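Written below as structure tokens is the structure these notes are about.
Note on naming: letters A, B, ... go to the chains in the order of the sequence lines (proteins, then strands), and numbering restarts at 1 for each one. Just the heavy atoms: all of them, side chains too, but no hydrogens, waters or symmetry mates, feed the values below. Small disclaimer: the values here were computed from a predicted structure and weren't measured.
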Amino acid sequence: DAGVTQSPTHLIKTRGQQVTLRCSPKSGHDTVSWYQQALGQGPQFIFQYYEEEERQRGNFPDRFSGHQFPNYSSELNVNALLLGDSALYLCASSPVDRGLKHEQYFGPGTRLTVT
Amino acid sequence: QKEVEQNSGPLSVPEGAIASLNCTYSDRGSQSFFWYRQYSGKSPELIMSIYSNGDKEDGRFTAQLNKASQYVSLLIRDSQPSDSATYLCAVIRTSYDKVIFGPGTSLSVIP
């Protein structure tokens, strides 16, 4: 059973460009969350997708957008890249259980460098 | 006040000792609490989850939750050099809310 997968592993972009990151959730998981983790900090919540809709959003500008597909995979798009967008971008998926438990499992991440 | 706070460390303990990691949170409505381990350059790995007051043990790990004090901790018994990592505390109110992570505590286990 494959875990959460992300692509690409590493990416180098120039300021002002646009980037798309991809995530496939763990089998049986229907909810996908995206996080940005700067060096030395904890992950910061960007947004969460469930049933192809954005359900929750953190304090990130509209330059950050996403999408979830019918097969539960997801994309994170960032427009007009800034140097400060350089970070590790993490995707996490959660199982269908809608109870108290909300255990999230992370993919390996995409390291984005903006020059 | 930050939503989830942790001592940044680094916390250094000798091999075989007990490592104690602490976390406080501000939202009294929080219901689910998690500890993640993150090795340098890797993604977070879920190691413990706890939902009710008291202790929960899993192998060498024990999570402790005190909702009245808004405090959750992680004890690592018989610490090993392979336990050297950053430990992230995460909190959520309900499954429909965002997970809030603390800044992490860096643990170093000295052989």
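Using cut-offs of 30° and 60° for the angle between ring planes, the A:Tyr35 and A:Phe45 rings count as perpendicular. Using bins of under 30°, 30° to 60° and over 60° for the plane-to-plane angle, the ring pair B:Phe34/B:Tyr36 lands in the tilted bin.
Contact annotation for residues 101-111 of chain B against chain A (heavy-atom separation below 4.5 Å, listed by residue number): B:Phe101, B:Gly102, B:Pro103.
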Using residues 82-92 of chain A as the side-chain source, report each donor-acceptor pair under 3.5 Å to any protein atom, sequence neighbours left out, with the distance given to one decimal.
unit_1: A:Asp85; atom_1: OD1; unit_2: A:Arg63; atom_2: NH2; d: 3.0
unit_1: A:Asp85; atom_1: OD2; unit_2: A:Arg63; atom_2: NH1; d: 2.8
unit_1: A:Asp85; atom_1: OD2; unit_2: A:Arg63; atom_2: NH2; d: 3.3
unit_1: A:Asp85; atom_1: OD2; unit_2: A:Leu82; atom_2: N; d: 2.8
unit_1: A:Ser86; atom_1: OG; unit_2: A:Leu83; atom_2: O; d: 3.1
unit_1: A:Ser86; atom_1: OG; unit_2: A:Val114; atom_2: N; d: 2.8
unit_1: A:Tyr89; atom_1: OH; unit_2: A:Gln36; atom_2: NE2; d: 2.9
unit_1: A:Tyr89; atom_1: OH; unit_2: A:Asp85; atom_2: O; d: 2.6

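A donor-acceptor pair under 3.5 Å is formed between the side chain of B:Asp27 and the backbone N or O of B:Gly29.
When heavy atoms are compared at a cutoff of 4.5 Å, B:Lys42 approaches chain A solely by way of its backbone atoms N, CA, C and O. For chain A, no part of B:Gln6 is nearby; none of its heavy atoms comes within less than 4.5 Å. For chain B, the nearby parts of A:Gln104 are the backbone and the side chain; heavy atoms of each come within less than 4.5 Å.
In terms of non-hydrogen atom pairs under 4.5 Å with chain A, the most contact-rich of B:Val99, B:Leu88, B:Ile100 is B:Val99.
Under the rule for a ring pair (Phe, Tyr, Trp, His ring centres under 6.0 Å), B:Tyr71 has no partner lying at least two apart in sequence or in another chain. Residues meeting the side-chain contact (heavy atoms from CB on, under 4.5 Å) test with A:Glu52, sequence neighbours left out: A:Pro70.
Counted by atom type alone, B:Thr24 and B:Glu5 present zero donor-acceptor pairs between their side chains at under 3.5 Å.
Under the 4.5 Å side-chain heavy-atom criterion for ILVMFWY residues, no single connected hydrophobic cluster contains both A:Phe47 and A:Phe106.
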